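As a basis for the values below, the full set of heavy atoms in this structure was taken, side chains included, without hydrogen atoms, waters or symmetry mates. Note that the structure is predicted; figures quoted are calculated from it, not measured. The residues of the chain are indexed from 1 along the displayed sequence.
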Amino acid sequence: MNRSVLIAHNTFGDPDDPFYPSRWAVTDQVNAVAESLDRLGIGNEIVAVENLRALTDILAKSRHEYVFNLCEEFVGESINQSCYVPALCRAFGKRFSGNDTPALVLTQNKIYSKAVLTGYGLNCPAGVVLPINDCSLLESIEPGRYIIKPSLCDASEGITHDSVFYWPQDRERVLTLANELFQRFFQPLIVEQFIAGREINCSVLEVNGKPKVLAVAEIDFSAFKEGMLNIVDYDAKWSPDTFVYINTPRKLPAELPDDIYANIADVARRAWLATGCSGYVRVDMRLSEDNIPYILEVNANPDITPEAGFASALHYAGIEYHSFVESMISL
């Protein structure tokens, strides 16, 4: 049967927006998917989607039976409506790549996803949620080291090296930062314990209806000077001229004892099942000093740029990129 694919991606907004680089970066994924489909001899069309209303018009007119969903975020929305792209595709009788709407909605919301993960017996850093414009729950946390971040963002948006603080020593600084984040993102904030250990991520692929861990990778902070925080903030992901971007390479596979490696892989599989994922996922964790993995985030439909971590894990597992793309429109 002849197949044809609509490659749908989000628009990017104003180039002067500080988060424009992370939004524009989806074009690398679009080009890689289109090149793979061309190699496979599968017809395809690329379309930029501004919002769900625009997608409704596009799908109503489209004759493509598959949608490769690369819509990560619709610009200008305080709540990420791109999670509903799969549901809309289904309403128009289209098959789609990657995760379905329930998993995208759940994993996009770090508050709900951490509640589900802990309910399944998985470890997440302990903390509190600050409702919009309300920092009163900060007074309930124990003294210690914490990180503050938006609850509904991905791509490390809103995270800098200033996001890590000591409570109560940094009380005034964190109150100021929280108010700045409320004004910028207008969403609840998460304050959680900072796990001062190794940064780990697992790429997981659906194979024959089940999650398969492709690799356990580690972020290498060995070039960081004493006193620098070993976190992957926004600059480390999207600002090529910065020290943190240049000096946060990945080790793949992570150099870990076999039993710890296997435990991390098992945690990633269980996180996939707990959050109802499908297609492809990356699970980000911190490994504590006593080798306990704590889940930071389940990234449903993560970055699949050929140079990014997921594609590197595909290569490590012996899976060619175009084969991955074909598998996503065959599920």
Side-chain angles (χ1 to χ4, degrees), residues 107 110-129 137-138 140-149 151 156 159 161-170 174 190-204 211-233 236 244 247-275 277 281-299 302 309 313 316:
T107 57
K110 297 179 180 66
I111 300 169
Y112 295 163
S113 59
K114 288 175 186 291
V116 168
L117 292 166
T118 54
Y120 272 77
L122 297 165
N123 292 311
C124 296
V128 297
V129 176
L137 281 176
L138 276 172
S140 69
I141 63 176
E142 298 293 328
R145 202 179 195 190
Y146 294 84
I147 184 169
I148 185 170
K149 54 189 175 183
S151 62
S156 292
I159 298 177
H161 272 52
D162 290 334
S163 301
V164 178
F165 65 95
Y166 286 95
W167 183 264
Q169 295 94 316
D170 297 328
V174 74
I190 287 178
V191 175
E192 63 185 19
Q193 290 178 338
F194 180 70
I195 307 299
R198 300 164 74 171
E199 179 101 4
I200 301 291
N201 63 70
C202 292
S203 296
V204 189
K212 176 183 178 180
V213 176
L214 302 177
V216 176
E218 179 178 4
I219 304 300
D220 181 4
F221 296 103
S222 60
F224 278 32
K225 301 173 184 177
E226 185 176 355
M228 292 184 67
L229 285 170
N230 59 335
I231 63 171
V232 182
D233 63 3
V244 290
N247 291 285
T248 47
R250 75 183 67 88
K251 292 180 180 179
L252 198 159
E255 297 175 359
L256 294 164
D258 291 345
D259 59 334
I260 296 173
Y261 191 103
N263 183 40
I264 291 170
D266 182 61
V267 167
R269 280 189 291 266
R270 291 167 59 198
W272 166 296
L273 296 171
T275 51
C277 288
V281 161
R282 192 190 71 242
V283 183
D284 296 342
M285 309 180 200
R286 300 280 290 196
L287 190 64
S288 69
E289 293 178 354
D290 51 356
N291 293 320
I292 297 174
Y294 288 81
I295 299 174
L296 302 181
E297 187 173 0
V298 176
N299 287 282
Y316 174 77

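Partners of D220 under the salt bridge (Lys or Arg N to Asp or Glu O under 4.0 Å) rule, at least two apart in sequence or in another chain, do not exist in this structure. Evaluation of the salt bridge (Lys or Arg N to Asp or Glu O under 4.0 Å) rule for R286 yields E199 as partners, not counting sequence neighbours.
Listed here is the closest heavy atom pair of S203 and G309: OG-O, 4.0 Å. Listed here is the closest heavy atom pair of A268 and V204: CB-CG2, 4.1 Å. Between V216 and Y261, the closest heavy-atom pair is N-OH, 3.0 Å. The minimum heavy-atom distance between Q193 and Y146, with the atom names listed, is N-CD2, 3.6 Å. Closest heavy-atom contact between P293 and N123: O-CB, 3.5 Å. The two residues V213 and A265 come nearest to each other via the heavy atoms CG2-O, 3.5 Å.
The OH atom of Y294 lies 13.5 Å from the CZ atom of F194; values are rounded to the nearest 0.5 Å. For the atom pair CD1 of I264 and CD of E218, the computed distance is 8.5 Å after rounding to the nearest 0.5 Å. How far CG of N299 is from CG of N201: 9.0 Å, rounded to the nearest 0.5 Å. Here the straight-line distance linking atom CG of L252 with atom CD1 of I219 works out to 9.5 Å at 0.5 Å rounding. With values rounded to the nearest 0.5 angstrom, W167 atom CH2 is found 4.5 Å from L138 atom CG.
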Using side-chain contact (heavy atoms from CB on, under 4.5 Å), reason through V298 and C277 one step at a time and then give a plain yes or no.
CA-CA 9 Å; V298 176; C277 288; 4.1 Å; yes
Residues V128, S140; criterion side-chain contact (heavy atoms from CB on, under 4.5 Å); working and verdict
CA-CA 8 Å; V128 297; S140 69; 3.9 Å; yes
Intermediate values then yes/no, side-chain contact (heavy atoms from CB on, under 4.5 Å), M285 and I195
CA-CA 9 Å; M285 309 180 200; I195 307 299; over 6 Å; no
Test side-chain contact (heavy atoms from CB on, under 4.5 Å) applied to T248 and F221, step by step:
CA-CA 6 Å; T248 47; F221 296 103; 3.8 Å; yes
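The environment of D259 atom CG is dense: over 12 non-hydrogen atoms of other residues, nucleotides or ligands sit within 6.0 angstrom. In K251, the NZ atom is crowded: over 12 heavy atoms of neighbouring residues, nucleotides or ligands sit closer than 6.0 Å.
Inter-residue side-chain proximity for F224 and L229 is flagged as unmet; no heavy-atom pair is nearer than 4.5 Å. H161 places a side-chain heavy atom less than 4.5 Å from the side chain of V244. Within the 4.5 Å cutoff, side-chain heavy atoms of L287 are placed close to those of L256. The shortest side-chain heavy-atom distance between W272 and V283 does not fall under the 4.5 Å cut-off. With a 4.5 Å cut-off on side-chain heavy atoms, N291 and N263 do not count as touching. The shortest side-chain heavy-atom distance between D233 and S156 does not fall under the 4.5 Å cut-off. Contact check for I295 versus C124: side-chain heavy atoms found under the 4.5 Å cut-off.
Looking at D170, its side chain does come within 3.5 Å of a backbone N or O of Y166 through a donor-acceptor pair. Between the side chain of N230 and the main chain of A196, no donor-acceptor pair closer than 3.5 Å is present.
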Just list the side-chain donor-acceptor pairs under 3.5 Å for residues 111-120, sequence neighbours left out, or say none.
from : atom 1 : to   : atom 2 : distance (Å)
S113 : OG     : N109 : O      : 3.1
S113 : OG     : K110 : O      : 3.4
K114 : NZ     : E192 : OE1    : 3.2
K114 : NZ     : L296 : O      : 2.9
T118 : OG1    : K114 : O      : 2.9
T118 : OG1    : A115 : O      : 3.0

